[in-house]
Amino acid sequence: MATSDKIDIWVLTGFLGSGKTSTVNKLINSEFFAGSELSLIINEFSRVGIDADLIDPGDYRKYDLNKGSVFCVCTKTSFIKILSDIAEKQTAGSVIIESTGVADICDMDAVLNTPSLSGRFNIKGYICLVDADKYIRTAAFLKSAISQVRFSDAIVINKIDTVSDYHLDRLEDILRQVNSVAPICRTTFGSIECEFLEGITHSEIKAEASASLPVRMPAASFKASGPINRQRFMDTIKRLGNVILRLKGNVMFEDEHCFVEYVFNDQIIIPAKEAVGQGTVFSVIGWNTTVQHLREEFDMCISSSDCKC
Amino acid sequence: MNSKQRVIKAIKCQKTDRTPWVPFVGSHAGSMQGITATEYLQSEEAMVKGIQMAIDQYKPDGLPMSIDIQVEAEVLGCGLVWSDDNPPSVVTHPLAEGVELGDLKVPGADEGRIKTILNVTKTIRQNNPDIALYGIVTGPFTLGLHLLGTEIFMKMFDSPDSVKELMQFCAKVCSAMSKYFIDAGCDVVAVVDPMTSQIGPDQFSEFVTPFATEVFEGIRAQGALSSFFVCGHAQQNIGVMCDCKCDNISVDENIPLDYVRDECLKRGVSYGGNMQLTAVLLLGTEMDVQKDAVRCLDIGGDTGFILSPGCDLPFATPVSNLEAVFEVVQDEYKRQVVRTVATDEVALEELDLSNYWKKDKVVVDIITLDSEACAPCKYMVDAVEEASQEYKESVQWTEHKIKTPEALAFMKALKVSNIPTICIDGDIAFVSRIPPKNELAAAIKSRIDQKVGSDS
C-alpha cells in the first residue's frame with residue numbers, strides 16, 4: 001500500500017460521533033494495511049484519551065494530540081514534531097490521522113512542505129466520514145463540516161442504517177454538489193472496503209479554493225409570539241420544497257401548539273402534550289438558498305410582527 | 001510617545017511615531033526560563049519573572065499578562081489536560097455531563113488561576129507603568145464550546161434559545177473578567193474567541209454579536225480599550241466582528257492582512273497581526289522573521305495597526321527571532337535592508353568567485369544597502385577607504401550595493417546575512433558595526449602579512 005520511499009498519509013475527518021474511531025479500528029485491522037508499518041495520530045478534542053483508548057491494541061505507534069485541531073496554527077508545531085518523529089522512526093508504511101470534527105484540512109499540504117518534513121510524506125487521501133443522520137444539522141452551522149467534504153478525496157456516509165433510503169439519496173445528492181469528484185460509499189460501523197480505498201486519488205487543495213467556501217446551507221431561526229396560520233405555514237414548506245433540508249421546533253398554530261419536524265420530505269407534526277413555552281420557535285436549514293430567502297418566505301407566513309430572532 | 005501611548009493611539013486609529021509591537025508571549029515565557037508550560041502557567045512567581053524577561057528582551061510596546069483561554073473554563077468545572085509546551089486543553093464539558101447552566105456561577109476574581117493572573121498583572125503594572133498591558137479573556141463562543149462541547153453546533157439548530165442563554169452567561173463571565181483585568185491595571189482587554197472561525201457570518205450575527213457587543217460596550221464604559229482576537233480561517237467574519245463595537249481586531253496568518261486592513265479601517269476599527277507562527281517565528285531564521293515583520297509593517301503602516309504574531313507564540317520560539325523583530329520595528333534602515341534582501345526571492349545566479357580573488361592584493365568587499373543613500377553604509381565605506389589608504393598598493397576594495405541582483409548574488413555567495421558587512425578576502429570580518437580605523441587597518445594588515453608570508 002505504501003508508496004516507495006515516502007510514508008503515506010491517510011487523514012480521516014468528520015464530526016464528533018460520525019464514527020471515526022470505529023473506522024480507524026476497522027482500518028488498522030484490515031487487509032489494506034496488513035503488513036504495513038503503521039503510525040496513528042489521534043487528534044482529540046473532547047474527553048481526554050477516550051478516542052485514543054478506544055483504538056484497538058496492535059502493532060503501530062500511537063500519538064495523541066490533545067490540543068485543538070491538528071490544522072490549527074496553535075497546534076501545528078506539535079503536529080510537525082510528531083510527524084518529524086515518525087519520519088525518523090519509520091522508513092515507509094503509513095500514517096493514519098484521526099482529526100477533529102473542526103479540523104480545516106486546507107493547511108495540510110502546507111504543513112508537509114515544512115523543510116524538515118518535505119519529501120518524506122505522501123498524502124494518499126483525505127477521507128471524510130459523514131453521519132447519515134446528523135450531518136445536515138451540523139453542516140449548517142459548522143464551516144469545517146462543509147470544507148471537510150469539499151476538500152476530501154473520498155466520502156464515506158456512515159450509519160446508513162439510521163435513516164431511510166430517500167434520506168440517503170438526498171444526502172448523497174447534496175454531498176455530490178459540494179464535492180463533484182470524490183467517490184462516495186455508504187456503510188455502517190465505519191467499514192470501508194479495500195477496493196474503495198485502493199480507488200482513492202489525492203488532489204492537492206488549491207489555496208484560492210480554500211480561501212472561502214460559498215454558503216450553500218444557510219440556517220435561520222424564527223420566533224413569533226402570535227399564532228401562526230397553519231395553512232400558510234404548510235404552503236410555505238410545500239413551496240420551498242427541496243430547498244428545506246430540515247426544520248424543527250415548536251409552532252403555535254391558531255388551533256393548537258405543535259412540535260414540528262421536517263427532514264427532507266419526512267414531516268412530523270405532533271401536538272405538544274405539555275406546555276412548551278409561549279409562542280413559536282423553530283429553526284430551518286436550507287439548501288442552495290440564502291438566509292434572506294428563508295426569512296422572506298417564513299416572514300410571509302408568520303402573522304406576528306415579532307418574527308425574527 | 002511612550003509604548004503605552006503608542007499602543008493606545010494605534011488602537012484608536014491615530015497616527016503613531018512608529019508601529020507598535022505587541023508579541024503574544026504566553027507559555028513561551030516559561031521556555032525563556034527553562035521551565036515547562038505547566039509549571040509556568042500555575043506559578044505567579046514564574047509568570048512575573050517571565051513577563052519581565054520578555055519586556056526586557058523583546059522591547060514590546062504592549063504585552064498580554066497570560067495567554068490561556070482555559071482559565072475561566074477550569075474554574076467553571078471543565079477538566080483540563082496539561083502539556084509541557086502548550087497551554088492546557090479542555091477535555092470535559094460540564095454542561096454535556098449533567099450540570100445545568102443555572103448551576104454555574106460567574107467566577108470571582110479570587111478563584112483558581114484568575115487570582116494568580118490578576119496578581120501577576122498588578123505586579124507587572126507597578127513595575128512597568130509605560131507599557132500597555134493586555135488582559136486576555138476567553139470569548140463567549142469559545143467559552144460556550146468549553147462548557148458544552150461540540151454538541152453546541154447541533155444545539156444551534158435543535159435549540160437555538162438554549163445556545164443563546166449559554167452565550168448570555170458566557171458574556172457575563174467575559175464582562176466580569178474584563179472588569180477584573182481593568183481594575184488590576186490593564187489598558188486593553190483582548191476577547192479571544194477562536195472558535196468563531198468555525199461559523200459563518202449569519203450564525204455569528206445571531207449567536208455571538210449581541211453578546212460580544214455587550215462585553216465590548218462594558219469595556220468601553222470602564223475607560224479601557226478592547227481587542228477581538230480570532231484565529232483560523234475567519235475571513236468571512238471580519239465585518240461582523242467589527243460590528244461588535246470592539247476597538248481592534250487581531251488575526252492570524254490564515255487571513256490576508258491587507259483584507260483585514262481594508263475591512264477594519266473603513267469601519268473605524270484598528271487591527272493587528274499577523275506574523276507567521278510556525279514556519280517563520282518558530283522555524284525560520286532571523287532574516288525570515290524580519291522579512292515577515294516588514295511584510296506586515298508595509299501593509300499596516302503607522303496608523304491603526306499593531307504588529308504582532310498571529311496567535312500565542314509557540315513555546316520554543318527562538319529568543320533571537322523575537323529580538324530580531326524589534327530591530328526592524330524601530331529602525332527604517334533595517335527595514336530597507338530587509339526589503340532589498342527580500343527581492344532575492346527570484347533565483348540568484350550561483351557565482352563562481354574562483355577568479356575573483358587576487359594573489360597579490362587583499363580584497364576587501366563591503367556589502368551595503370547603498371552608501372549614497374544610507375548613513376551606516378556610508379560610514380562603513382568611508383572607514384574602509386580610510387583604513388586602506390596606508391596599504392593602497394596591497395588592497396582592493398569594492399562596495400556591493402544589494403539593490404542590484406549581482407550584489408545580492410555576491411552576498412549570498414559569501415554567506416553574508418547582515419548589512420552592512422565587511423569581508424576580507426572572502427571572510428566575514430565586521431558585521432553591522434563600523435570598526436574603528438585602527439582595528440580595521442590592523443585586520444587588513446594581518447591579511448596582507450599572511451598573504452605576503454604565504455607567498456614568500
Rounded to the nearest 0.5 Å, the OG atom of A:Ser78 sits from the CZ atom of B:Phe315 at a distance of 11.0 Å

Looking only at heavy atoms, the pair that brings B:Asp158 and A:Lys248 closest together is OD1-NZ, 3.0 Å

Closest non-hydrogen atom pair between A:Ser283 and B:Met156, with its separation: OG-O, 4.1 Å

Nearest heavy atoms of A:Arg137 and B:Phe157, plus distance in Å: CG-CD2, 3.6 Å

Ignoring hydrogens and geometry, is there a side-chain-to-backbone donor-acceptor pair from A:Lys134 to B:Met154 under 3.5 Å? no

Does any heavy atom of chain A fall under 4.5 Å from the side chain of B:Ser83, the backbone, both, or neither of them? neither

How about A:Glu296: does its CD atom have over 12 heavy atoms from other parts shown lying under 6.0 Å from it? yes

More than 12 heavy atoms of other groups within 6.0 Å of A:Gln177 CD: yes

Okay, B:Ile199 and chain A: the region with an atom under 4.5 Å from a heavy atom over there is both

By a 4.5 Å heavy-atom criterion (distance strictly below it), what part of A:Ala219 contacts chain B: side chain, backbone, both, or neither? both

Where does B:Gln203 contact chain A at under 4.5 Å (heavy atoms): side chain, backbone, both or neither? side chain

If one checks every heavy atom of A:Ile80 against chain B at 4.5 Å, the contacting part turns out to be side chain

Roughly how far, to the nearest 0.5 Å, is NZ of A:Lys143 from CD of B:Gln236? 4.0 Å

